[in-house]
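For reference, the structure I am asking about is given below.
Atom set for the values below is all heavy atoms of this structure, side chains included, hydrogens, waters and symmetry mates excluded. Letters A, B, ... mirror the listed sequences (proteins, then strands); counts begin at 1. As the structure is a prediction and not an experimental result, all values here were calculated from the model.
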Amino acid sequence: MNEDKDQNNILEEVTSKEYQYGFYTNIEMDTAAVGLTEETIRFISAKKNEPEWLLEFRLKAFQHWLTIEEPTWAHLHHPPIKYQDIIYYAAPKKKKQLESLNEVDPELLDTFKKLGISLEEQKVLAGVAVDAVIDSVSVKTTFRETLSKHGIIFCSFSEAVQEYPELVKKYMGSVVPYRDNFFAALNSAVFSDGSFCYIPKGVHCPMELSTYFRINAANTGQFERTLLVADEDAYVSYLEGCTAPQRDENQLHAAIVEIIAEAGAEVKYSTVQNWYPGDKNGKGGIYNFVTKRGICKGDHSKISWTQVETGSAITWKYPSCILKGDHSIGEFYSVAVTNHYQQADTGTKMIHLGKNTKSTIISKGISAGFSNNSYRGMVRIAKKASNSRNFSQCDSLLLGSKCGAHTFPYINAGNETSVVEHEATTSKISEDQLFYCQQRGIDSEKAIGLIVNGYAKEVLNKLPMEFAVEAQKLLAITLEGSVG
Amino acid sequence: MLLNINNLHVSINGKEILKGLNLIVNEGEVHAIMGPNGTGKSTLAAAITGRNGYEITQGEIWYKEELINEMLPNERANKGVFLSFQYPVEIPGVSMTNFMRTALNAKHEFEGLPILTGGEFLKRMEEKKQLVEIQAKLNNRSVNEGFSGGEKKKNEIFQMAMLEPALAILDETDSGLDIDALKVVAKGVNALRSNDNGFVVITHYQRLLDFIVPDFVHVMYDGRIVKSGGKELAFELEEKGYDWLK
């Protein structure tokens with residue numbers, strides 16, 4: 001206790017000390033000073049020309065963050081994160097309007113190509129509107145006009161703050177309050193940018209919405225914030241995909257995604273995550289601490305999370321659903337692959353509050369090398385949530401004998417009329433399966449890719465077509481070198 | 001000469017199973033390998049196809065004039081060595097279409113041939129499926145998952161037809177088959193026989209050889225071939241059993 005107090009005193013002292021130097025003088029800088037103080041937050045907020053209420057929100061979050069500590073319950077091990085060594089805001093030098101893809105950073109395009117997906121292809125073939133976020137500031141937004149015809153708002157978070165402040169104010173923090181957890185508080189204090197999406201009543205979004213994130217400048221933490229609102233009877237499918245070039249130093253990423261589904265609305269949120277996982281010896285890689293949560297606010301609403309997690313040195317992520325409306329549905333489909341020294345602690349929470357609510361959890365963990373892969377899931381059925389159902393299936397697949405798979409299910413059923421089912425399996429890729437493939441001429445690397453993709457098929461099938469192909473490639477690439 | 005095995009010694013976990021086996025298979029020939037349980041028949045199949053854990057301690061396996069003792073299993077397969085498994089393995093979630101496509105693409109890539117288009121590939125699948133009277137819905141079923149014993153064996157012959165190997169080893173393909181399925185499997189094998197390929201048919205029973213008539217019959221005992229002859233040897237074995245050969 002005393003130590004905590006001391007720490008707080010020191011922090012307070014430091015923050016107030018730096019405060020006297022003022023922050024407006026730094027306004028021309030494109031990068032915030034290293035470290036996190038109240039001044040940093042005022043700098044970010046001023047930089048983004050934010051309204052007073054948002055600055056207040058950030059400062060409250062920051063004050064709260066100072067009083068709490070990093071969670072330690074996850075099955076993860078990493079050196080302490082030095083929050084004062086991180087740069088909390090970086091923007092490209094000049095934010096100019098891009099007319100064509102030729103103006104996009106070639107390195108970014110190259111990364112897209114490695115994944116077998118280019119902006120051009122997406123634009124032409126898939127009709128996907130892309131809002132690419134590079135280093136916290138949106139540089140490209142397409143298909144905005146088509147969307148606006150339907151009254152759909154799809155823009156960067158910063159723009160939304162300026163143009164639709166009432167919507168942002170209404171929904172931001174309503175699903176993930178800044179008090180929710182350590183990383184949510186941090187994000188709420190320093191978030192730089194992100195995406196905002198609003199689908200009006202009764203509108204079926206005519207295309208898949210997609211955002212690509214990339215972590216670019218070294219030593220820059222990424223604090224994205226996504227807010228997705230589907231009004232009554234609206235439908236949207238949203239895709240999020242991430243890649244990062246190799247970096248030696250660990251990079252912290254603490255994003256927040258909030259989804260609100262009003263009565264009769266349906267939101268499908270798909271993620272393919274492929275951030276730099278560190279090298280073969282576990283050096284480097286992204287630390288990914290994400291809070292994703294959706295609320296089925298109205299009756300008969302539905303939120304479906306699908307994720308393919310292959311990257312990051314550390315993944316801490318539990319896309320969750322609060323099933324508040326009666327007859328609402330929550331789904332979580334996940335494939336998490338870890339290789340080398342990667343660590344993943346991921347799963348979901350399904351909180352049943354409304355009557356006749358239904359949730360499904362399908363989790364497929366794949367571990368190779370020296371990695372550790374944990375499923376952590378909570379199913380809570382409130383007393384009033386009568387006749388609710390949950391089905392959970394958690395499978396683990398092990399490649400080799402030096403990796404680990406763990407399952408931590410928490411079940412809390414508050415009434416007699418609800419049914420909760422949980423199934424779990426652990427299996428290994430058998431020598432027999434490998435040899436069978438090899439005997440048909442398929443080399444061992446390809447064979448593993450084939451077997452693993454087969455194992456994860458149930459989840460991959462839930463992804464939109466163009467993502468499924470990318471995901472299949474990723475699974476195989478991630479597990480390269482994991483045999484022999 | 002398709003296959004030339006010379007003084008082959010194979011150990012599993014240090015225990016010698018094959019103890020100096022010799023066998024020559026030429027193009028156009030069907031060789032039956034018979035013998036009681038535990039004499040090393042399946043070990044021979046595993047050694048020819050390069051299965052992990054089957055250590056060649058002495059001797060050579062020559063395939064098409066090339067020494068393949070150390071060759072990777074998938075390389076042998078791409079060069080035309082095929083094994084119809086005694087116990088075909090299930091691969092959940094991998095459709096037969098995807099599996100065969102991957103296998104055939106690997107072979108074509110290895111041979112430097114162009115990859116079949118989707119249409120060409122599917123046409124070939126339809127053709128070969130008819131050969132073994134396999135059901136139309138095979139394409140989307142996971143490899144061997146939920147297949148009956150008969151379906152699994154038919155599926156092995158179907159894959160053989162797809163890959164058109166030069167040397168096919170059928171390991172106890174008749175086990176667990178009723179007479180109708182056996183006939184279908186045999187019909188498929190006979191349709192694939194040609195002057196360019198050879199077969200090694202491993203079986204316990206003479207029954208299969210009524211339908212797949214061999215050119216040569218070999219009897220294995222204790223890791224060696226102890227007697228060779230024509231197809232009439234199979235009838236002799238059926239009548240007398242194996243004891244007189246020990």
Side-chain angles (χ1 to χ4, degrees), chain A residues 308 333-335 337 362-366 393 395-401 423 425-463 465 468-469 471-473 475-477 479 483-484, chain B residues 45-46 48-54 71-111 140-145 152 155-156 158-160 162-165 167-169 171:
Chain A
V308 175
Y333 301 99
S334 168
V335 177
V337 189
I362 309 282
S363 162
K364 304 269 183 180
I366 300 158
Q393 185 187 324
D395 298 330
S396 307
L397 184 69
L398 299 168
L399 281 77
S401 55
E423 286 175 12
T425 66
T426 301
S427 51
K428 278 189 164 194
I429 284 191
S430 71
E431 190 84 13
D432 287 347
Q433 285 174 326
L434 264 184
F435 179 65
Y436 193 75
C437 293
Q438 284 179 290
Q439 213 303 303
R440 298 304 185 246
I442 302 165
D443 68 44
S444 53
E445 297 268 352
K446 277 206 190 91
I448 291 213
L450 199 67
I451 295 166
V452 164
N453 271 305
Y455 163 80
K457 194 181 189 178
E458 227 179 319
V459 174
L460 297 177
N461 279 348
K462 296 286 172 188
L463 289 172
M465 195 56 188
V469 174
Q472 281 175 17
K473 280 185 200 161
L475 290 192
I477 294 168
L479 292 168
V483 266
Chain B
I48 297 170
T49 50
R51 181 156 197 162
N52 211 358
Y54 292 75
M71 194 182 281
L72 285 171
N74 45 298
E75 223 171 293
R76 299 181 202 207
N78 285 325
K79 288 188 180 217
V81 179
F82 181 90
L83 172 63
S84 168
F85 284 69
Q86 184 178 1
Y87 305 108
V89 182
E90 297 183 6
I91 311 178
V94 178
S95 71
M96 274 307 296
T97 306
N98 189 13
F99 183 66
M100 275 337 289
R101 190 95 210 262
T102 310
L104 208 59
N105 283 356
K107 187 169 193 262
H108 280 217
E109 202 178 309
F110 183 84
E111 290 171 339
N140 292 321
R141 290 178 73 181
S142 296
V143 178
N144 293 322
E145 197 183 35
K152 281 184 182 173
N155 190 22
E156 293 294 291
F158 161 71
Q159 293 178 49
M160 181 169 85
M162 286 295 286
L163 296 168
E164 298 176 332
L167 174 67
I169 302 155
D171 190 3

- Query: Between E458(A) and chain B, which part of the residue has a heavy atom less than 4.5 Å away: side chain, backbone, both or neither?
  - Reply: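 Neither part.
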
- Looking only at heavy atoms, what is the nearest atom pair of G50(B) and F435(A), with distance?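 In terms of heavy atoms, the two residues are closest at C-CE1, 4.2 Å.
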
- Pairs of heavy atoms under 4.5 Å with chain A: top-ranked of G93(B), S142(B), S95(B):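 Looking at each option in turn, the highest pair count goes to G93(B).
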
- What distance do Q439(A) atom CD and F82(B) atom CZ have between them, rounded to the nearest 0.5 Å?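 Output value for this atom pair is 6.5 Å.
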
- If you take all heavy atoms of A77(B) and G441(A), which pair is closest and at what distance?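 Closest approach of A77(B) to G441(A), heavy atoms only: CB-N, 3.4 Å.
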
- Item | Part of E75(B) lying under 4.5 Å from any heavy atom of chain A |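 Looking at E75(B), nothing touches chain A.
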
- Mind ranking Q433(A), Q438(A), K446(A) by heavy-atom pairs under 4.5 Å with chain B and telling me who comes out on top?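 Most heavy-atom pairs under 4.5 Å with chain B: Q438(A).
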
- Quick one: of N52(B), L83(B), T102(B), who has the most non-hydrogen atom pairs under 4.5 Å with chain A?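 Heavy-atom pairs under 4.5 Å are most numerous for L83(B).
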
- Message: Report which part of P165(B) has an atom under 4.5 Å of a heavy atom belonging to chain A: side chain, backbone, both, or neither.
- Response: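 When you check distances to chain A, no heavy atom of P165(B) falls under 4.5 Å.
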
- Name the region of R76(B), side chain, backbone, both or neither, that has any atom closer than 4.5 Å to a heavy atom of chain A.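 The answer is neither part of R76(B).
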
- Item | Interface moiety of Y436(A) toward chain B, non-hydrogen atoms closer than 4.5 Å |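 For Y436(A), backbone and side chain are both near chain B.
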
- Pair Y87(B)-D432(A), side-chain donor/acceptor within less than 3.5 Å: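 No, because no side-chain N or O of Y87(B) sits under 3.5 Å from a partner of the opposite role on D432(A).
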
- Task: Can you see which heavy atom on L450(A) is nearest to which on N98(B), and at what distance?
- Result: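 Distance-wise, the nearest heavy atoms are CD1-ND2, 3.8 Å.
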
- Message: Looking at chain A, which one of I91(B), V89(B), T49(B), N78(B) has the largest number of heavy-atom pairs inside 4.5 Å, strictly under?
- Response: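 With the most close heavy-atom pairs to chain A, the winner is V89(B).
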
- Message: For E156(B) versus R440(A), what's the shortest heavy-atom pair and its separation?
- Response: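 Taking E156(B) first and R440(A) second, the nearest heavy atoms are OE1-NH2, 2.7 Å.
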
- Message: To check you understand the geometry: which heavy-atom pair defines the closest contact between D443(A) and N74(B), and what is its length?
- Response: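 Taking every non-hydrogen atom into account, CB-ND2, 3.3 Å.
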
